[in-house]
Amino acid sequence: MRFVWAVAAFVLATVMIGAGLAQRTVFQGPRTETTAISVEDEAPFLLIDGAVLNQLPGTQTLRAQGEGEIFASYGRTADMQAWLSDSEYNHVTVDGEGTVETDLVEPEVVEPADDAETSEASPAPAEGSTDADPEAGAEPGRSPMGSDLWLDEYRQSDILIAPLQLPDEMSVLIAADGTAPAPATVSVTWPLQTSTPWAGPLVVGGGILMAVGVLLYILGIRHARRSRGPRRKGLPVPVTEPIDIAIDDPDKGVISSSPPTRRSVTGRRAFAVIPAVAVSALLFAGCSADAWPQLAPTPTPTPTETVIAPEGQHAPAVTKAQAERILSRIADTVADADAALDGDLAETRLEGAALAARDTNYKLRSAIADYQVPAPIVAKPLEIILPEARDGWPRSVIAVADDDESKTSSIMVMTQQDAWSDYRLSYIGSLEASTSLPALAPWYIGAPQVEPDSPFLLLPPDQVAAAYADVINKGEDSEFHNLFDAESDQLRVSIIADRQRRLDDFNTTAASTGSLEFSATPGAQSPFALATVESGAIVAVNIHELDTVKPTNPDAVIKLDKSPTVKTLSGAEQSATGFVTTFSDQVFFYVPGPGSDEKIRLLAYSSDILDAKVIK
């Protein structure tokens with residue numbers, strides 16, 4: 001009976017193992033599905049819509065093949081279309097029936113009107129980019145490499161393979177160099193759900209059943225050997241005298257009742273090792289994770305970092321990784337400009353008050369050997385990112401970065417004027433060590449920009465600079481004095497101390513022949529404001545401090561022997577009418593809402609000499 005059960009176990013084990021292995025081989029099917037993208041018309045760019053990438057669930061693997069360097073980037077579809085609005089490109093989409101199709105998109109040129117009042121011969125903006133101005137774009141054939149608009153980009157030679165997981169709102173741009181035709185051999189691959197959860201249990205169960213069959217087979221053999229042949233009765237002898245029966249015949253060998261020898265035991269063990277090795281091999285064949293039932297929920301793959309706004313709200317201008325990359329590019333470019341005293345290079349990444357301060361520094365350093373180098377732009381680590389929630393342009397970002405060496409922090413405003421422009425830094429200030437920023441929205445939500453004349457703040461942003469300048473000029477006599485928090489205002493403290501020091505020095509040398517006056521006015525840079533969580537706003541403004549020195553004696557002149565900076569900027573060594581020196585302050589405030597008990601609080605500032613002129 002043992003042999004019957006052993007054979008049954010062998011047969012069933014063979015069926016189970018065969019079924020398990022078949023699930024992992026011949027019956028498993030393909031592990032991936034690939035869609036080839038057909039491109040008939042040559043164009044410098046290929047735009048793959050998010051719907052194409054999301055035909056199947058799971059991660060997407062983009063594959064593009066061509067000669068030379070291949071470029072790919074991804075971003076919001078509206079941004080991509082805005083960037084391509086003045087260029088010819090192939091657009092890959094999915095029609096209503098789920099078929100992938102490729103259409104050649106040409107820039108739409110608006111014919112000039114007969115009257116010259118509104119003549120704008122420019123491409124029509126892409127859908128979803130209402131604020132984009134195609135006239136601001138570069139000439140056809142521009143390179144897409146290094147654009148601040150992309151959330152990420154890839155570059156490889158001859159063949160490009162990029163793993164992605166983009167939502168429907170994202171698209172992928174493929175190009176060569178922006179002039180040559182984009183690669184035409186492009187495909188998208190998705191993994192298929194080809195798990196075989198019963199392959200592992202079948203293989204392992206079959207292996208266990210085979211081991212049971214082997215055991216039953218061994219027991220059957222052992223039982224058959226013990227029960228082989230007729231049993232003989234022994235001679236009647238006293239019970240107390242055991243009989244040792246042995247037939248010692250050289251021709252027939254020795255028959256003994258002693259235990260089996262070591263040689264026979266080893267042989268049986270060797271016989272049992274063969275199925276054990278086979279079972280081990282079968283066990284390894286079914287050890288992968290997808291060959292077993294998944295009792296725990298399947299982990300969701302980490303998606304590619306994207307910018308998807310909550311329903312009803314514009315998307316934030318940048319992602320965290322994108323902001324870090326942009327600020328690093330700005331810091332590197334400005335560092336090169338500082339070393340070369342190159343204002344044109346600085347202008348590619350700076351604008352407004354920040355650029356004006358750099359231009360003045362370059363002029364002074366080119367004439368004064370030991371003049372101080374401006375502080376570098378701090379890019380890492382980036383502690384706070386508050387992007388503007390806006391789909392159009394211009395769009396801006398407020399960022400706070402820490403300088404580990406100097407133990408200081410910088411707050412900056414970066415702005416992108418249109419889809420083709422790089423972000424430029426327009427405001428920068430140093431945060432006080434004791435400064436606490438107001439509650440801000442997370443980067444993946446962003447914040448709306450506050451209009452310059454917004455009545456929903458304690459003071460509209462376009463009035464903050466004038467009000468603060470009035471406080472600097474008049475102190476407690478200013479009508480705006482009670483609106484500003486004096487305890488946190490280190491800028492006013494430094495301005496008062498510096499003015500008193502210079503006035504004391506002037507009075508000791510030229511009080512009888514000249515006068516020194518101070519004043520503050522709103523600067524030339526427009527204010528910028530982003531909303532905070534408590535219905536307030538971070539407001540960046542520009543303020544000019546003016547130092548006016550005049551002779552009070554008609555026979556006297558103002559000499560600049562001890563003022564090389566004023567001499568260099570004004571281009572004069574002395575004047576009978578006097579000089580006006582302008583300092584530029586970039587100041588960040590927290591302006592609360594009108595119903596708040598808080599006052600306008602100074603957050604950060606930076607001061608630089610801007611200009612000096614002869615009074616005419």
message = Test your reading of the model: is there a side-chain donor-acceptor pair from Asn54 to the backbone of Leu166, 3.5 Å cut-off?
response = yes

request  = Mark yes when over 12 heavy atoms from residues, nucleotides or ligands other than Lys613 sit less than 6.0 Å from its NZ; otherwise mark no.
outcome  = no

message = Under a 3.5 Å distance rule, please check whether Trp443 uses its side chain to pair with a backbone N or O of Pro316 as donor and acceptor.
response = no

task = Say whether, by atom type as modelled, one donor and one acceptor occur between the side chain of Asn542 and the main chain of Gln586 under 3.5 angstrom.
result = no

inquiry  = Would you compute the distance between atom CG of Leu350 and atom CD of Glu347 and round it to the nearest 0.5 angstrom?
reply    = 9.0 Å

key: Residues in ring-ring contact (aromatic ring centres under 6.0 Å, His included) contact with Phe484, at least two apart in sequence or another chain   = Tyr468, Phe589

inquiry  = Tell me whether Glu573 at atom CD has more than 12 heavy atoms from other residues, nucleotides or ligands lying less than 6.0 Å away.
reply    = no

key: Shortest non-hydrogen contact from Arg390 toward Trp393   = NH2-O, 3.3 Å

Chi angles and distances behind the side chain to side chain contact (heavy atoms under 4.5 Å, CB included) call for Thr568, Tyr371 = CA-CA 12 Å; Thr568 300; Tyr371 196 80; over 6 Å; no

task = Calculate, to the nearest 0.5 Å, the distance between atoms CG and CG belonging to Leu530 and Leu440 respectively.
result = 9.0 Å

inquiry  = Working to the nearest 0.5 angstrom, can you tell me the gap between Ser454 OG and Gln463 CD?
reply    = 11.0 Å

task = Considering only NZ, NE, NH1 and NH2 on the basic side and carboxylate oxygens on the acidic side, decide whether Arg501 and Asp498 come within less than 4.0 Å.
result = yes

message = A quick test of your reading: do over 12 heavy atoms of other residues, nucleotides or ligands sit less than 6.0 Å from CZ of Arg499?
response = yes

task = Verify, without hydrogens or angle tests, whether Asp611 (side chain) and Thr360 (backbone) share a donor-acceptor contact under 3.5 angstrom.
result = no

task = Verify, without hydrogens or angle tests, whether Asn473 (side chain) and Ala520 (backbone) share a donor-acceptor contact under 3.5 angstrom.
result = yes

task = Identify, with sequence neighbours excluded, every residue that meets side chain to side chain donor-acceptor pair (under 3.5 Å) alongside Tyr605.
result = none

inquiry  = Strictly distance-based, threshold 3.5 Å: is any side-chain N or O of Gln156 a donor or acceptor partner for the main-chain N or O of Ile161?
reply    = yes

Test item: Ile609 and Leu569 side chains (from C-beta on) under 4.5 Å apart, heavy atoms = yes

query = Between Arg349, Arg395, Arg424, which is the residue that forms a salt bridge (charged side-chain N to carboxylate O under 4.0 Å, His left out) with Asp148?
reply = Arg349

ask   = Hey, does the side chain of Glu153 reach the backbone of Gly146 with a donor-acceptor pair shorter than 3.5 angstrom?
value = yes

query = Does atom CD of Glu42 have more than 12 heavy-atom neighbours from other groups under 6.0 Å away?
reply = no

Within-4.5 Å side-chain heavy-atom neighbours: Lys363 and Asp359 = no

ask   = Between Ser87 and Arg142, is any pair of side-chain heavy atoms under 4.5 Å apart?
value = yes

ask   = Taking atom CD of Glu169 and atom CG of Asp79, what is their separation to the nearest 0.5 Å?
value = 12.5 Å

ask   = Rounded to the nearest 0.5 Å, how far apart are CG of Asp49 and CG of Asp168?
value = 8.0 Å

ask   = Distance-only, no hydrogens or angles: does the Ser606 side chain make a donor-acceptor pair with backbone N or O of Ile428 under 3.5 Å?
value = yes

query = Heavy-atom distance under 4.5 Å between the side chains of Phe456 and Val450, does that happen here?
reply = no

query = Does Asp86 reach the side chain of Trp420, with side-chain heavy atoms less than 4.5 Å apart?
reply = yes

query = Are any non-hydrogen side-chain atoms of Pro144 and Leu173 less than 4.5 angstrom apart?
reply = yes

message = Checking Asp585 now: which residues fulfil side chain to side chain donor-acceptor pair (under 3.5 Å) with it, not counting sequence neighbours?
response = Ser607

key: Short N-O contact, Arg358 and Asp608, less than 4.0 angstrom   = no

ask   = Where do Thr415 and Glu388 land on the side chain to side chain contact (heavy atoms under 4.5 Å, CB included) test, with the steps shown first?
value = CA-CA 10 Å; Thr415 302; Glu388 179 184 0; over 6 Å; no

request  = Could you check if a side-chain atom of Val186 sits within less than 4.5 angstrom of a side-chain atom of Val39, using non-hydrogen atoms only?
outcome  = no

task = Let me see the working for Asp422 and Thr348 under side chain to side chain contact (heavy atoms under 4.5 Å, CB included), right down to the final yes or no.
result = CA-CA 8 Å; Asp422 290 331; Thr348 63; over 6 Å; no

inquiry  = Between Asp402 and Ser409, does the side-chain hydrogen bond (donor to acceptor under 3.5 Å, both in side chains) criterion hold? Intermediate values first, please.
reply    = CA-CA 4 Å; Asp402 292 342; Ser409 299; 2.5 Å; yes

task = Please check if the side chain of Asp391 supplies one atom and the backbone of Ala315 the other of a donor-acceptor pair under 3.5 Å.
result = yes

message = Can a donor-acceptor pair be found, under 3.5 Å and without considering hydrogens, that links the side chain of Ser494 to the backbone of Leu491?
response = yes

ask   = Any side-chain heavy atom of Leu459 sitting closer than 4.5 Å to one from Val539?
value = no

request  = Could you check Tyr362 against Asp338 for side chain to side chain contact (heavy atoms under 4.5 Å, CB included), going step by step and ending with a plain yes or no?
outcome  = CA-CA 7 Å; Tyr362 296 164; Asp338 290 346; 2.4 Å; yes

ask   = Nearest 0.5 Å, what's the CD1-CD1 distance between Ile538 and Ile384?
value = 7.5 Å

